[in-house]
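Residue numbers start at 1 and run along the sequence shown. Only this structure's heavy atoms are used, side chains among them; waters, hydrogens and symmetry mates stay out. Start at 1 and go down the list; that is how both ligands and their atoms are numbered. Predicted, not measured: the structure shown is a model, and the values here were computed from it.
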Amino acid sequence: MKVKKICCIGAGYVGGPTMAVIAQKCPDIYVTVVDINEERIKAWNDENLDNLPVYEPGLDKVVAEARGRNLRFCTNVEGAIQEADMIFISVNTPTKTYGEGKGQAADLKWIELCARQIAAAAESDKIVVEKSTLPVRTAEAIRDILENTGNGTKFQILSNPEFLAEGTAIEDLMDPDRVLIGGDTKTPEGLEAMEALVEVYGHWVPREKILTTNVWSSELSKLTANAFLAQRVSSINALSELCESTEADINEVSRAIGTDSRIGNKFLKASVGFGGSCFQKDILNLVYISRSYGLTSVADYWEQVIKINDHQKGRFAKNIIRSLYNTVSGKKIAFLGWAFKKDTNDTRESAAIYVADHLLNEDAKVTVFDPKVKEEQMYSDLDYLNSRNKVDNRKLMKAEHCPYEACKGAHAVAVLTEWDEFVDYDWQKIYDNMLKPAQVFDGRSVLDKQKLRDIGFRVYTIGTT
Ligand code: UDX
Ligand code: UDX
Ligand code: ADP
């Protein structure tokens with residue numbers, strides 16, 4: 001079977017860029033991306049490509065080429081489901097904030113809603129593809145809903161986890177390390193559905209990079225990949241603290257171990273802590289699933305990755321407080337960066353949010369500059385923690401549009417995101433306008449420490465002395 005029309009439910013950080021690339025690479029396939037959020041769809045349709053709801057280098061070009069040709073963004077979910085022969089589910093699956101599994105399990109209510117919508121609208125056979133990160137065996141729940149609430153049409157369910165990293169999403173989609181497709185390998189219909197999706201990716205991905213597995217392996221591989229990546233960051237971050245107590249330098253240690261081909265040199269950068277929508281959520285999922293099967297030791301092992309990450313964020317904040325003579329009350333502290341990594345406007349689980357919250361609890365005045373994150377987003381991230389009321393959050397924290405203004409009159413500058421532009425700032429000018437002793441806390445090890453020290457700054461970097 002050849003896919004002619006694709007529908008993607010969810011126009012977020014995953015659905016938007018992924019569908020834009022599929023449409024660009026497959027001019028013979030008509031792609032419709034739907035979302036219940038009208039404002040988001042409006043932004044995807046904006047003439048001015050600077051207003052796309054997702055910031056990703058290179059995304060604007062891809063959208064410009066495909067939009068209006070074979071790529072469409074709209075809010076007509078039902079219509080798009082009816083037309084399509086393949087439906088991707090790319091809706092959000094945040095960690096539950098209530099009830100059983102609160103704080104650990106994934107909240108699948110949006111997934112279930114999608115499955116019910118698909119079942120109700122479908123008038124012909126469909127291939128349903130799970131794109132969102134989901135706990136293992138979600139495909140079974142989707143199948144159950146589709147088969148029991150549908151109109152008698154047939155469904156094949158595939159798992160096709162996304163491995164793109166934000167900030168490099170377009171590169172990752174264009175030239176992936178691998179594409180993973182899980183399906184029902186035991187029936188001819190299952191194999192046919194998998195082949196249909198292989199053919200879509202086959203438009204631009206070499207066949208040997210397209211892996212097919214059973215559905216459960218595919219689902220678990222996604223959680224495992226993210227757990228391994230996060231574990232590397234927590235491992236290096238744990239050692240960064242040991243480096244600070246000895247005279248070892250974490251960057252030298254990273255370089256030394258990274259040359260071992262069994263370890264590899266990527267993902268060994270010590271930082272203020274990992275963030276993003278996936279790592280924490282996926283590990284919590286893994287922990288929850290392991291516990292639910294009674295595998296306590298397995299659950300405890302992976303949970304430690306999160307604990308070290310929380311420790312790293314807290315340690316960074318505590319270090320700022322200690323260096324400012326154990327009190328930050330009323331003191332201005334400038335944050336450079338709010339996004340969870342550079343080259344994205346996404347702030348989900350960003351370390352900056354937790355460090356800010358810690359400092360605000362101590363009555364600090366935090367001023368934030370981020371090249372891509374909007375002020376409302378910063379406040380909404382802070383409000384979400386529920387540590388204090390909205391009025392106090394707005395009183396204590398301010399967003400600035402200019403980095404030099406953000407740093408003016410500050411006791412300390414903290415780098416929370418590794419945006420390239422921070423390196424090239426006029427640090428002499430920043431120094432001249434700060435209170436003395438002027439301190440810099442580089443949570444990403446991006447600045448030239450010696451240069452800053454020569455100017456007169458006191459500098460703290462993670463994992464070095
Ligand atoms: C190790 C280091 O590899 C080496 O660099 C260091 O100098 C000494 O310690 P060694 O213990 O000789 O070397 O063997 P290695 O190949 O690392 O295996 C260690 C253990 O891990 C073995 O029991 C091996 O069976 C096991 N292992 C290794 C696995 O169970 N799975 C793997 O994927 C790899
Ligand atoms: C991750 C996975 O990489 C991707 O494959 C999956 O599809 C989604 O989750 P993403 O969260 O977008 O992607 O970004 P990633 O580059 O993995 O970074 C995650 C966090 O780890 C960031 O906060 C980043 O700053 C941090 N990190 C990463 C480090 O602190 N040190 C490193 O060496 C690498
Ligand atoms: P991700 O990083 O997984 O892409 P996002 O939150 O960026 O997550 O995007 C998910 C999108 O899915 C949101 O824009 C949300 O409005 C949309 N969405 C959630 N449920 C539905 C639904 N039932 N129908 C259509 N869109 C939905």
Heavy-atom contacts under 4.0 Å between [X] and ligand 3: side chain, backbone, both, or neither?
X      : value
Val91  : both
Ser132 : neither
Glu166 : neither

Please tell me if atom 25 (O) of ligand 1 is touched by the protein, where touching means a protein heavy-atom distance below 4.0 Å.
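There is no protein heavy atom less than 4.0 Å from atom 25 (O) of ligand 1.
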
Look at atom 30 (O) of ligand 1 and say whether a protein heavy atom is found at less than 4.0 angstrom from it.
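Within 4.0 Å: no protein heavy atom nearby.
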
Atom 9 (O) of ligand 3 [closest protein heavy-atom partner, distance rounded to 0.1 Å]
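I find the closest protein heavy atom is Gly12 CA, 3.2 Å.
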
Can you check side-chain hydrogen bond (donor to acceptor under 3.5 Å, both in side chains) on Trp338 and Asp381, steps first, answer last?
CA-CA 10 Å; Trp338 188 261; Asp381 292 334; 2.9 Å; yes

For the 3.5 Å polar cut-off, considering only N or O atoms, please tell me whether [X] and ligand 2 meet it.
X      : result
Phe163 : yes
Phe279 : no
Glu418 : no
Phe340 : yes
Ser277 : no
Leu164 : yes

Could you label the plane-to-plane angle of the Phe316 and Phe441 rings as parallel, tilted or perpendicular, counting under 30° as parallel and over 60° as perpendicular?
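Correct class here is perpendicular.
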
Is there a nitrogen or oxygen of Gln117 sitting under 3.5 Å from a nitrogen or oxygen of ligand 3?
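Yes, since at least one N or O of Gln117 sits under 3.5 Å from an N or O of ligand 3.
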
Do Ser277 and ligand 3 have an N or O pair less than 3.5 Å apart?
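No.
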
With heavy-atom distances below 4.0 Å as the criterion, list the atoms of ligand 3 near Leu113.
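By the 4.0 Å cutoff, the relevant atoms are 23 (N).
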
Check [Y] with [X], please: is the shortest side-chain N to carboxylate O separation under 4.0 Å?
X      : Y      : result
Lys42  : Asp35  : no
Lys372 : Asp346 : no
Arg348 : Glu166 : yes
Glu162 : Lys131 : yes
Arg116 : Glu112 : yes
Asp310 : Lys313 : yes
Lys318 : Glu241 : no

Nearest non-hydrogen atom to atom 14 (O) of ligand 3 belongs to which of Thr75, Ile9, Asp35?
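That would be Asp35.
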
If hydrogens are left out, which of Val14, Leu164, Asp346, Ile36 has an atom nearest to atom 26 (N) of ligand 3, that is, the closest non-hydrogen atom?
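Among Val14, Leu164, Asp346, Ile36, the closest heavy atom to atom 26 (N) of ligand 3 comes from Ile36.
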
Which ligand 2 atoms, with their elements, are less than 4.0 angstrom from a heavy-atom of [X]?
X      : answer
Cys278 : 8 (C), 9 (O)
Leu268 : 33 (O)
Leu229 : 3 (O)
Lys222 : 6 (C), 7 (O)

Would you mind telling me if ligand 2 is within reach of the side chain of Glu162, the backbone, both or neither, using heavy atoms under 4.0 Å?
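For Glu162, only backbone atoms sit under 4.0 Å from ligand 2.
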
Validate the cation-pi geometry between Arg67 and Phe73: distance from NZ or CZ to the six-membered ring centre under 6.0 Å, angle to the ring axis within 45°.
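Here Arg67 fails the 6.0 Å and 45° test against Phe73.
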
I'd like to know whether ligand 3 has Lys131 as a neighbour, heavy-atom separation below 4.0 Å.
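Judged by the 4.0 Å heavy-atom criterion, Lys131 does not count as contacting ligand 3.
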
